[in-house]
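Predicted, not measured: the structure shown is a model, and the values here were computed from it. Along the sequence shown, residues are numbered consecutively beginning with 1.
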Amino acid sequence: MKNLQKTTFFFFLLIISCKDEVNSVFPLTDYDTEMEMERVSKEMQNFEDVINKLYRESEKEPKKVLSKIDSLSKANEIEKDKYKSQIKENIAEDLRYFKAELLYNIGEYEKSIQELKNDQNGYNDISIALVCNYVKLKKFDKAKLILDSIPNYTFNTFIYANFYENIGNKKEALDIYKTIQKDKGINHFVYYKLAVDRIKELEKDNPILLNSVYFQTGRPDFEVCDADNKNRTKIMKLISELPEVTNLVNWNSTEIFEAPKDNDKNYYWIKVSDDEGEKFNFFVYQKTFEIKYYEKKNETILSLEQWRKQK
């Protein structure tokens with residue numbers, strides 16, 4: 001969620017930046033706009049590199065890092081640089097969350113709550129972090145009020161299951177985890193795997209129930225799911241190099257319609273379209289990257305050689 005909000009934020013910044021820079025004599029070109037956006041993005045990347053380093057440092061010296069976070073926050077407040085200034089609010093939010101996370105990790109739950117309450121934007125991860133702290137303080141009523149008020153995202157239902165374990169309601173927790181397990185479309189997410197692990201534990205004769213709720217880290221380099229970008233990039237290149245695709249006069253799009261994580265099979269389903277609509281369907285196999293043609297009408301899978309012979 002936070003990444004989506006950041007993307008929207010950067011788009012808004014770009015519009016504002018363009019308005020500030022335009023004048024009647026030398027209006028911004030598309031290239032200028034792109035360069036402005038690139039500079040802002042670069043500053044955000046630099047900040048995230050610093051934060052990743054501090055997260056690693058906090059594993060050994062959390063209190064020392066807390067002090068560094070305060071210093072960074074003060075420096076951010078008075079930042080005047082043209083590009084850094086455009087991401088001040090994002091930086092402030094990330095630093096507040098980082099501080100709240102560290103305070104939670106060292107058992108300073110009341111201080112963590114106060115830090116989270118200082119964030120006025122009310123992101124979903126702020127709400128979950130508050131739940132985590134209230135559960136540790138055994139303030140289950142306050143935790144439940146927050147859980148009842150947040151959207152019914154699958155991740156939030158996972159948190160709800162964690163909560164039920166903490167109050168000793170094993171059956172309710174198990175039911176939610178099993179509902180998550182049935183949704184194969186999300187099996188690449190971290191919390192899906194955690195839900196499956198909890199099912200295994202809760203189905204034991206004497207399960208050990210959780211005594212905390214999953215605190216979602218704000219660490220920028222933390223992968224919330226198993227990314228397959230490398231495979232996707234290679235597949236898109238392979239498909240784009242097929243003569244049939246290269247020779248499409250009115251090519252419109254090439255998309256990965258399904259991935260192994262979606263269809264629970266061993267291939268990627270690729271759709272190629274031209275201006276008239278869907279043109280070709282290909283299956284690209286996960287391990288070998290072999291390409292086969294899928295004839296949807298007859299639900300037949302053909303090798304490229306077979307397909308080309310019958311055309």
Side-chain angles (χ1 to χ4, degrees), residues 1-8 10-11 34 41 124 151-158 161 175-200 216 221-311:
M1 290 301 295
K2 210 164 182 183
N3 288 336
L4 176 60
Q5 289 157 337
K6 282 184 180 178
T7 302
T8 306
F10 278 126
F11 179 72
E34 187 178 338
S41 296
N124 188 69
N152 191 31
Y153 304 139
T154 309
F155 175 69
N156 290 355
T157 63
F158 170 74
D175 287 345
I176 295 174
Y177 290 137
K178 286 185 175 180
T179 299
I180 293 172
Q181 185 185 35
K182 291 177 183 177
D183 189 353
K184 299 298 184 181
I186 60 170
N187 64 8
H188 55 303
F189 282 99
V190 168
Y191 66 85
Y192 179 91
K193 296 174 176 61
L194 293 174
V196 172
D197 288 342
R198 293 313 302 158
I199 291 171
K200 292 176 183 176
Q216 185 171 236
D221 63 357
F222 178 76
E223 294 186 356
V224 296
C225 63
D226 294 332
D228 61 349
N229 292 336
K230 189 174 180 180
N231 282 357
R232 287 170 177 265
T233 300
K234 181 173 181 177
I235 286 167
M236 295 297 274
K237 184 175 185 296
L238 290 171
I239 296 297
S240 68
E241 291 173 348
L242 290 174
E244 291 82 1
V245 175
T246 303
N247 295 330
L248 273 179
V249 177
N250 297 310
W251 173 87
N252 182 281
S253 67
T254 301
E255 66 166 322
I256 296 178
F257 179 65
E258 283 186 0
K261 66 178 178 60
D262 303 315
N263 57 29
D264 209 21
K265 296 179 181 177
N266 63 341
Y267 59 76
Y268 292 81
W269 181 352
I270 316 300
K271 291 187 175 186
V272 179
S273 303
D274 61 12
D275 287 346
E276 295 180 357
E278 191 176 297
K279 190 73 176 179
F280 305 127
N281 284 272
F282 299 102
F283 288 169
V284 182
Y285 290 83
Q286 189 175 18
K287 293 184 178 180
T288 63
F289 292 96
E290 179 185 6
I291 302 172
K292 291 192 177 182
Y293 184 78
Y294 176 52
E295 177 57 67
K296 281 182 67 178
K297 185 177 180 180
N298 303 318
E299 296 187 348
T300 305
I301 302 172
L302 305 170
S303 69
L304 291 181
E305 185 181 3
Q306 291 171 324
W307 172 54
R308 284 164 178 160
K309 281 182 179 179
Q310 74 171 29
K311 283 196 299 178

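By the ring pair (Phe, Tyr, Trp, His ring centres under 6.0 Å) test, Phe189 is found to be paired with Tyr191, residues two or more places apart in sequence or in another chain being considered. With sequence neighbours excluded, the residues satisfying ring pair (Phe, Tyr, Trp, His ring centres under 6.0 Å) with Tyr285 are Tyr267.
Atom CD of Glu276 has 12 or fewer neighbouring heavy atoms from other residues, nucleotides or ligands inside a 6.0 Å radius. Under a cut-off of 6.0 angstrom, the local environment of CD in Glu305 is sparse, with at most 12 non-hydrogen atoms contributed by other residues, nucleotides or ligands. Counting non-hydrogen atoms of neighbouring residues, nucleotides and ligands closer than 6.0 angstrom, the NZ atom of Lys234 reaches no more than 12 such neighbours. Applying the 6.0 Å contact sphere to CG of Asn152 captures no more than 12 heavy atoms from other residues, nucleotides or ligands. The environment of Lys271 atom NZ is dense: over 12 non-hydrogen atoms of other residues, nucleotides or ligands sit within 6.0 angstrom.
For the pair Phe289 and Ile235, the minimum side-chain heavy-atom distance is below 4.5 Å. At a threshold of 4.5 Å between non-hydrogen side-chain atoms, the residues Thr157 and Thr179 do not count as touching.
Outside the 6.0 Å centre-distance limit, the rings of Phe282 and Tyr294 are not counted as a close aromatic pair.
In this structure, Tyr177 contributes its side chain and Val196 its backbone to no donor-acceptor pair below 3.5 Å.
Closest non-hydrogen pair, Trp251 versus Asp275, comes out as O-OD1, 4.4 Å. Nearest approach of Met236 to Ile256, heavy atoms of both residues: SD-CG1, 4.0 Å. Smallest separation of non-hydrogen atoms from Phe280 and Glu244: CE1-O, 3.6 Å.
Just one of Tyr268, Phe283, Trp269 meets the side chain to side chain contact (heavy atoms under 4.5 Å, CB included) condition when paired with Glu258; it is Trp269.
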